[in-house]
Amino acid sequence: MCLSVPAKILNIEGSNAKATVGGSIINVSLQLVENIEIGDYVLVHTGFALEKIDAKTARETLAMLTSMVEENPEDMIRFIEI
């Protein structure tokens, strides 16, 4: 199973960025997307931003993922370990 998560871009250096996901800071490659600015949200999979998404979609997706983890943490761990 592949899962991409919304991340908010914090800073950009060349084709790399720092982004936040649920309070964690991650490194993100911007090589696959164009016109990304600080404050934008992107979907991240395996360290690569796949596409830009709007803030509303990002917030809704993060809320859904948070809800899934809170309701059934064992199920989420099982998905992640596959």
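In what follows, residues are counted from 1 in the order of the sequence shown. All values below were derived from every heavy atom in this structure, side-chain atoms included, with hydrogens, water molecules and symmetry-related copies excluded. Please read these numbers as outputs of a predicted model, since none were measured by experiment.
Note that CE of Met64 is 9.0 Å distant from CG of Leu62, once rounded to the nearest 0.5 Å. For the atom pair Glu13 CD and Asn27 CG, the distance stands at 10.0 Å (nearest 0.5 Å).
Looking only at side-chain heavy atoms (C-beta outward), Thr20 and Ile9 stay at 4.5 Å or farther from each other. Using a 4.5 Å heavy-atom cutoff, the side chains of Val5 and Leu65 are in contact.
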Can you list, pair by pair, the side-chain donor-acceptor contacts under 3.5 Å of residues 33-43, counting residues two or more places apart and other chains?
residue : atom : partner : partner atom : Å
Asp40   : OD2  : Glu37   : N            : 2.7
Asp40   : OD2  : Lys52   : NZ           : 3.4

Item to check | Residue pair Ile25, Leu10: steps toward the side-chain contact (heavy atoms from CB on, under 4.5 Å) verdict | outcome: CA-CA 9 Å; Ile25 307 298; Leu10 300 175; 3.4 Å; yes

Checklist entry - When you look at Val44 and Ser4, which way does the side-chain contact (heavy atoms from CB on, under 4.5 Å) test go after all the steps? => result CA-CA 5 Å; Val44 177; Ser4 58; 5.9 Å; no

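Of the N and O atoms on the side chains of Thr66 and Glu70, not one donor lies less than 3.5 Å from an acceptor on the other residue.
Under the 4.5 Å side-chain heavy-atom criterion for grouping Ile, Leu, Val, Met, Phe, Trp and Tyr, Val21 is connected to Ile12 within one hydrophobic cluster. In the hydrophobic clustering of this structure, Leu30 groups with Ile26; members are Ile, Leu, Val, Met, Phe, Trp, Tyr whose side-chain heavy atoms approach within less than 4.5 Å, directly or through other members.
Side-chain atoms of His45 come within 3.5 Å of backbone atoms of Leu3 as a donor-acceptor pair (strictly under, hydrogens ignored). Between the Thr61 side chain and the Thr57 main chain, a donor and an acceptor come within less than 3.5 Å of each other.
Contact detail for Ala19 and Ala7: the closest heavy-atom pair is CB-CB, 3.8 Å.
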